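Following: one structure in structure tokens, then a few remarks.
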Amino acid sequence: MSMTKIEIITRPNKLDDLKDALNEIGVLGMTVSQVYGCGLQKGHKEVYRGRSYDINLVPKVKVETVVCEIPVETVLEAAQKVLRTGKMGDGKIFVYNLSDAVRIRTGHRGEAAIKDIPGEKPES
Ligand SMILES: Nc1ncnc2c1ncn2[C@@H]1O[C@H](COP(=O)(O)OP(=O)(O)OP(=O)(O)O)[C@@H](O)[C@H]1O
Ligand SMILES: [Mg+2]
């Protein structure tokens, strides 16, 4: 089975909804970063927290997740469902084929590095 990295760049105020939607479809891990970006409008027409950004870079949030068992389309649909407002700046999703992964603690590689370890409970 192949591994895919999905990178979602969107409005910071959508982070909670996006996290909930991803948890609901069984996404196991994610990385979240605060970033600045611009798309086609170079930031000119975007409003963030009531303020219109006349500079090039608008605050965004980036959520990265790697999936193997969950279909990529399921993730794309769940993300679009919560993120689409129809206004400029809703965001972008980039999809990458991932060549490998390592769980450092165990040395697991590939899918085994992403999946749960059967019978293992999280440390308290
Ligand atoms: N070509 C690109 N390469 C890398 N990052 C991009 C690219 N386009 C957009 N992004 C990132 O995605 C964020 C959201 O982009 P945005 O939603 O404004 O895209 P858009 O193509 O301009 O669509 P819209 O017309 O809906 O605004 C940007 O702030 C930037 O961080
Ligand atoms: Mg844009």
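Start at 1 and go down the list; that is how both ligands and their atoms are numbered. In this text, all values refer to a predicted model and were calculated from it rather than measured experimentally.
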Element-labelled atoms of ligand 1 that are located less than 4.0 Å from some non-hydrogen atom of Leu40: 20 (P), 21 (O), 22 (O)
Give a yes or no on whether Leu28 and Val95 share a hydrophobic cluster (residues Ile, Leu, Val, Met, Phe, Trp, Tyr; joining criterion: side-chain heavy atoms under 4.5 Å apart). no
Closer than 4.0 Å to some heavy atom of Ile9 - which atoms of ligand 1 meet that? 11 (C), 12 (O), 13 (C), 31 (O)
Does a salt bridge link Lys81 with Glu24, judged by any charged N lying under 4.0 Å from a carboxylate O? no
Proximity of Met88 to ligand 1 by residue part, where a heavy atom lies under 4.0 Å: both
Just jot down the ligand 1 atoms closer than 4.0 angstrom to any heavy atom of Gly91, in number order. 14 (C), 17 (O)
For Lys115, does the NZ atom have more than 12 heavy-atom neighbours from other residues, nucleotides or ligands under 6.0 Å away? yes
Test of understanding: given a 4.0 Å heavy-atom threshold, classify the contact between Asp90 and ligand 1 as side chain, backbone, both, or neither. backbone
Look at atom 27 (O) of ligand 1 and find which of Gly89, Pro59, Gly37 reaches it with the closest heavy atom. Gly89
I'd like to know whether CG of Asp100 has more than 12 heavy-atom contacts from other residues, nucleotides or ligands below 6.0 angstrom. yes
Find out if a path of hydrophobic residues (ILVMFWY) with successive side-chain heavy-atom gaps under 4.5 Å connects Leu98 to Phe94. no
Could you tell me whether Lys92 and ligand 1 have an N or O pair separated by under 3.5 Å? yes
Give a yes or no on this: more than 12 heavy atoms of other residues, nucleotides or ligands lie within 6.0 Å of atom CZ of Arg103. yes
